[in-house]
Each structure stands twice: as structure tokens, then as C-alpha cells.
Number of protein chains: 2
Amino acid sequence: MKVLLLNRISIYLTLNRISDFYHHITMAKEKRTSIKDLASSLGVSPALISIVLNGKAKQYRISDEMVKRVKAAAKEMNYYPNVVAQNLRGGKSQLIGVIVTDISNPFYSTISRRIEDRANELNYNVLFSSSDENLENTERLIKVLLNKGVDGLIVVPCDGSRNSIAELIADDVPLVLLDRNFPDLDVKYSCLDNFKATRLATRHLIDQGYENISVISYETQMNHIMERVAGYEETMREAGLEKSININRINLSNPRSEMREVLGHLFQGNTEAILCLTNMLSINGIYCLKEMNKKIPDDIAFVGFNRSDVFNLLDSPVTYIKQPIEKIANEAVNRVVDLISGSSYAADDVIIADPELVIQSSTPKKNVLTHT
Amino acid sequence: MKVLLLNRISIYLTLNRISDFYHHITMAKEKRTSIKDLASSLGVSPALISIVLNGKAKQYRISDEMVKRVKAAAKEMNYYPNVVAQNLRGGKSQLIGVIVTDISNPFYSTISRRIEDRANELNYNVLFSSSDENLENTERLIKVLLNKGVDGLIVVPCDGSRNSIAELIADDVPLVLLDRNFPDLDVKYSCLDNFKATRLATRHLIDQGYENISVISYETQMNHIMERVAGYEETMREAGLEKSININRINLSNPRSEMREVLGHLFQGNTEAILCLTNMLSINGIYCLKEMNKKIPDDIAFVGFNRSDVFNLLDSPVTYIKQPIEKIANEAVNRVVDLISGSSYAADDVIIADPELVIQSSTPKKNVLTHT
DNA sequence: TACATATGCTAAAACGATTAAGTAAGATAA
DNA sequence: TTATCTTACTTAATCGTTTTAGCATATGTA
């Protein structure tokens, strides 16, 4: 359009004037309509416009006639409010800040997608960011997001972030923890029932006839992992298998080589079944087993955590613990919006979602294999 | 802290007064330091503070003595600027809106992560959203993001969005297309060299001795897919294999069953090698081949698109076309920031990134298999 | 002595929206 | 007739920052 116009008109212009014309176009670039523009175009005060467009016409006894005119003008002049100004004035930004550990991690990208959709349903937008499980990043991102004027936060807290989270609570920032929580803090959260998750998996393995069940976990103080470990331990103990409890912790700085080492150990012992406590550990484990030419389930039974395409591609698809991602994400958003606006979308103060065990052929009845 | 304090003092208070006290605490909640606070604490004007903290002291001939005092006070009172106010004043939000088709798709979540990081490096934040390849969603999201006051947009355009994109350009919205583009529009973009990508793959297959190479694509008018098809076709023609050109298009509404059908056809014909034009098609293809008990590469050679964990888990890891995701994401951000602020971070006006072919054992020399 | 120049700062408007408080004009009541 | 109440608006302050224009005071020059 612009170019067409320029071509048509420039016929009549000297070179000098063309640049004037250009300048004029640039200057004339339709600035976004503000409340003032609407006001002066209707010959009324800016306040009136604001009142009408915020649905407070009744309260301020603005005439129906005027309300109509204002709305018509707003539509015609394509007015939409400047969120930055609204935000400064002390209003809300309709923005939720989300900190996950890594948005490119399939678990968190799936959860983020659902957070996005739910937030949109409730008329919020989402600022995502990734902490890389790093405390400094987490603290920086919290500051950045608050500084951006987000109305509330959904945070996957990393190791060591307890105090930062406590500060947020003390400052009355609307906050919901996701995926993990700090049981000693009075904070809202939306998590898997991690204890039940490994309990379910361990019970299943025991029911299938396995006794020497080993866990692969990683080094952390985070509550969600400790719960997973506890679920395994307690179930083993209940079954009188306390002597077989075997927990292997991997340092995340070099997961592949540490996994190799751990698996090497396990095969020197009498481990019959492996339970991996995270998705990343599961996938690494599967890769390493393949490297070592060990077959699931012939050489070892295997239970993974969270779905992965990789699980279903094996000759024996992998039994895994499935999280109700939709529910966890939905309720996190519901809760934070409740905190922000006093609404009551959330089913509960705190969400501890039930896991599901998707049973596939990586965990067959043990006697089928050994006694036939 | 708050609770401790409350307990101590409440001893002396009636119930009524406790709520007063609570109210008082809430009111007293340390408000964030503003420029005004600094100014009055130093007995100078707010302008001076702003000038000093923006490094314009020289320009405004502020004394060195004063500069020191201001900086010391700012540090001591833990001042940091209110970004919302800065944005209002400067008309910028330091926000980039990003529309991908689905943030939970591994390709886009990986690219989003890099967009996030690069944007942060340039002092921007990112609003992500997902269009689900849907035109209405795309148009709605563009509006929503502009309403949020984003300074610029990075968009993965969906089928049929040409006109919406053209409008954005006409409105001078800083915009960079990602992953796909419209060659007839004068718009910035950051994409893979799609033609070269399939050219590379097809060439490789031909070099390995395959002649009957079939492509699996999907129904779309989008340029990036047409380029991929063209790269294949032209390479086949150059090699004198025009008669073997075989392009199969799948409707995305039901990919798995359509894939089964297509593969069934291919096995009835004389296809020796399959080239899948997207990651999703590749993974679906691999699943279906497994279902059909067909082995890669014994029964058929296979080239995939974009990396996937699945590719490397097969007995013969899959040869695939690798995109320089980092570069594509980086340059998209660079470009849009350049458009917004007149900087010049981007290497070029338009980025057409070189693909890389990661050669693995799914595409062995043909004669090795057939003539030994 | 008078004028110009340098120095070191301040005043005030602006960005766009919201809202408590106020006002003017007409209607109603005493 | 005067006081009171409605109605339908407006005024002006405010959020926190930036920036242009200006104002004293001090110093230098002729």
C-alpha cells in the first residue's frame, strides 16, 4: 500500500520533496489510539472514556446515550488500552510468570502448553522462563518477572531455593509451586503424589515376583525426589524386602557416564528390576542398557518415569509412571489466579495429583521368565 | 518474621486490635524504593537521580561528588528502576511476542528455549503462545500479543496466514517469521534452507546407490514444505531419476492411519528408501514400520527430519537432516530486536540457515546389502 | 565594571490510564 | 423561595521515570 501510494504521488515530486514525503509518511504513522484521542474526538474528558470502557458507567451515572457513543468511537478508532500504563497505575498486568527448569524438557514443555491454554482461558498471558535448576538463575528470574509486573508466579523451585520462596510468601506475592514443594513452608503447590507414584511402581514389581529392585535417582535435597525414594523404601519394607533396598544416586553434571557406572554395578549384583525416578534418568538408562547390550526385560525389568516416545519404541515397551499433567497444570493456574483475584477456580488449596502406572511388557511376571 | 512479631505483640492486644495491627503490617509492607525516595533522602531533585543512574552525569555536568553520593544511596536503599514506568515513559515494553504452532512440540520447545535465552541476553522477555497450525488462533494471538504491548513479534506462520502477515507488515509491526516464510512478501525471516536440506538427503541416498526414493510429506501450501519437495524433485531429476519421483502426502488429521496406508502402498511398489519431510512424520513412520515388522535398513532405508531420541534408539540409528536451531533462533531474535530498536545484531536481513546431514546406519551403501 | 561563559543543579511536562472528589444544572421537596 | 437531591459529567492527582528548558551562582574576559 505504502509503496503504491509513494509511486503514484512521487511522479509529481522533485527528489527533494520525495524525502519530505517519506518523512511525512513516517511521521503520520498512525500512532495507537489513546484515551485522550477518544476524549478529544468526542469532546469529553478522558475520565469519562475510562469509566465507560471499564464498565463503571452505572456507578458514575453516565448516560446510556454517552455510553453508546464512547463504545462506538472506541471500536471505530480501534482503541485498545495500553497495558503498560494500566500496569503502572497500579492495576494488574494480567500476566503470570512461570519459571520451569527448562522449557525444552518435554515434561515441562507439555506442562507449559497446558499452563498457557488454561491461562488464556482465564484471560491471562504467561511469561515463561527457564532456571536450569540453578539457584542464582531462579532468583534473578523471580526479580525480572516481578519487575515486569506479573500478577503472580508459578515456580518449579530448584534445589536450595527454599529461602527465596519463603521470601516471596512473606512478601505476599501470589505464588504456586509446581511439580515440587517445600513441606515446611506454608505455600500453595500443585504436584504429583510422588510417594504414591513409586509405591505403585514398587508394588507392581513386587507383585510381578521381583525381589531385588534397585532405584536410580539423583543427588538432591528436593522433596519430590525424597518422596519418591520414600515410596519405594516403605513399600519394600512392608513387603519384608528391606534387605534388598538399593538406591543409586547419579550426579547430574555427567549423567551418561555415571549411569554406565551405576548399571555396571547393578549387573554385578543381583538386581532384577530397575526403577528410574525421573524421565531423564529413564531415557539415559535405556540408552546405556542398549549400549551394554542388555535386553529389557530378558536381562532386567524396567520401570520409567513420565511418558516418552522412546519407551514405546522398544521391543518390549516400557512400564512407566504417568503424571496427570493436565490436572497439575490446570490447578496451578487456577490456584494462582485465585490468589491474584480472589476467585475460586481451584478445586483445593493444594493439589496432590494421583499417579497412574502404565503397565507394559518391560515388567512381565518374573516366574514366566525364570521358571519356564 | 511477620508471624513472630505478631505473636509477641498480640499479647497486649484485644482481638479487635489484632486486625488493626494486621492492617498496619499490610500497609507498612516496605514499599519499593523509587527515584523520589532517593531524591528526598539526598535532598535533591528526582531528575538528578535519573540522570546519574542513567550514566548521563557528564552530559548534565553533575559533580563527581554528587554522582558518588547518589550511587551510594541507590545501593544502600536497594533501588532498582521500575521497568513498567520506564516502559510507559519510553513507549517500549521490552517484550517480544512469539507464536509457534505448539510449544510442546520438541522442535519448537527447543527453539523457544534458545529464543528465551537470546532475548534475555538482549534484555527482552518473551511471551510464548501456540497456534496449533490454526489460522483463527494465529490471528487471535497476534491481537492478544499486540494488546499486551509487545515491541515485536516472532511468528511461525500457519497455512493461510499470508494476509494476516501482510497486514502486520503494512502496519510496520516489527516482525520476523520463523521456520517458514512467504517468498512473495517483503518480510524478514529466519529459516532453514529447506531446498538444500532435501537436496542433501536425496543426494546422499543416490550416492549410496538407491534409485527408488519416496518422499512422505503432508498436505499444505506452506512454502517450507514445497521447498523440501522441490529439493527432492530437482535432485532426482538431475540424477536422471525423474521416473522414480514419488511423493506421498498425508493428511494431518489422522497421521498414524494414513501413514500405515502410505507405507503399505510403498511396500507394494519398489521403494528402496523413504525420506520423511518432518519430524512428526519421521517418528510416525518409524512407529508404523515397527508395527509392520519392517526393519530399517534391511527392508528399507530411511532418512528423518530433525533430531529425535527415537532415531538413536533403533538398532540402526537413523540418518537425519539437522537444523541449526541455535542459529535460526538467535537470528530471529537478533532481527526482531534490530527492527525494534535500530540496533544491528543480526548477521543478515534474512536468514537461510544451512542444514546438516547426520549420516547414521539407516542409509547404508545399497550394494553392500543387495550384492553380498 | 560589564558581559559572556561555565557549572551544577531544578522545574515541569510527558507517557496513558484510573479514580476520589468536585461541580454545574436541573428536578424535587419543604 | 430556598434547600436538598439527582444527574451527568469534569478536575486533578497519581503511578515512576525521563528529558527539555531554564535558573542561579561562580568564573573568566575585555
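Note: hydrogens, waters and symmetry copies are ignored here, and every other heavy atom, side chains too, is used. First the proteins, then the strands, lettered A, B, ... as listed; each starts at 1. Here the structure is a predicted model, which is why all the values come from computation and not from measurement.
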Would you kindly compare B:Pro81 and B:Gln59 by the position of their nearest DNA chain D nucleotide and give the one closer to the 5′ end? B:Pro81
Would you list the pairs meeting side chain to side chain donor-acceptor pair (under 3.5 Å) in which at least one residue belongs to residues 50-76 of chain A, sequence neighbours left out? A:Ser50-A:Asn54
Residue-phosphate contact under 4.0 Å: A:Ser63 side-chain N/O, D:dC9 OP1/OP2: yes
If the condition is side chain to side chain donor-acceptor pair (under 3.5 Å), which residues does A:Arg162 pass it with, not counting sequence neighbours? A:Asp184
Euclidean distance, atom CG of residue B:Leu38 to atom C1' of D:dT18 [Å, nearest integer]: 15 Å
Tell me whether the OP1 or OP2 atom of D:dC15 has a side-chain N or O from A:Asn87 closer than 4.0 Å. no
Would you say B:Tyr79 places a side-chain N or O within less than 4.0 Å of OP1 or OP2 belonging to D:dT17? yes
Taking only the side-chain nitrogens and oxygens of B:Ser45, find out if one of them lies under 4.0 Å from OP1 or OP2 of C:dT10. yes
Per the atom types in the model, does the base of D:dT18 pair as donor or acceptor with the side chain of B:Arg89 at under 3.5 Å? yes
With sugar-phosphate meaning primed atoms plus P, OP1 and OP2, does A:Val44 contact a base, only sugar-phosphate, or nothing at under 4.0 Å between heavy atoms? sugar-phosphate
Assert: residue with more 5' nearest nucleotide on DNA chain D, out of B:Arg61 and B:Ser50, is B:Ser50
Can you establish whether the number of heavy atoms outside A:Asp349 located under 6.0 Å from its atom CG is more than 12? yes
side-chain N/O B:Gln86 vs D:dT18 OP1/OP2, d < 4.0 Å: yes
Spacing between B:Ile35 atom CD1 and D:dC15 atom P, to the nearest angstrom: 14 Å
How about CD on A:Glu121, more than 12 heavy atoms from neighbouring residues, nucleotides or ligands closer than 6.0 Å, or not? yes
A:Ile99 and A:Ser131: which non-hydrogen atoms are nearest, and at how many Å? CG2-CB, 3.9 Å
Rounded interatomic separation in angstrom, taking CD1 from B:Ile51 and P from C:dT7: 16 Å
Go nucleotide by nucleotide along DNA chain C from the 5' end; which of A:Thr33 and B:Asp64 gets its closest nucleotide reached first? B:Asp64
B:Gly90 or B:Ile62, whichever maps to the more 5' nucleotide of DNA chain C: B:Ile62
Determine the contact category for A:Ile49: base if any of its heavy atoms lies under 4.0 Å from a base atom, sugar-phosphate if only primed atoms, P, OP1 or OP2 are that close, otherwise nothing. nothing
Check this one for me: any side-chain N or O of B:Lys36 less than 4.0 Å away from OP1 or OP2 of D:dC15? yes
Could you tell me whether the side chains of B:Glu116 and A:Ser129 share a donor-acceptor contact shorter than 3.5 Å? no
Whole angstrom is fine here: how far is it from CG in A:Leu88 over to C1' in D:dT17? 9 Å
Rounded to whole angstroms, how far apart are OH on B:Tyr60 and C1' on D:dC23? 15 Å
Choose from C:dA12, C:dG16, D:dT11 the nucleotide whose nearest atom is closest to any side-chain atom of A:Ala47. D:dT11
Protein-nucleotide distance (A:Lys92, atom NZ; C:dA17, atom C1'), rounded to Å: 16 Å
Separation of atom CG in A:Leu48 from atom C1' in D:dA12, rounded to whole Å: 16 Å
Rounded distance (Å) that lies between atom P of D:dG16 and atom OH of B:Tyr80: 12 Å
Look at all strands and tell whether A:Ser34 reaches a base, only sugar-phosphate, or nothing, counting heavy atoms closer than 4.0 Å. sugar-phosphate
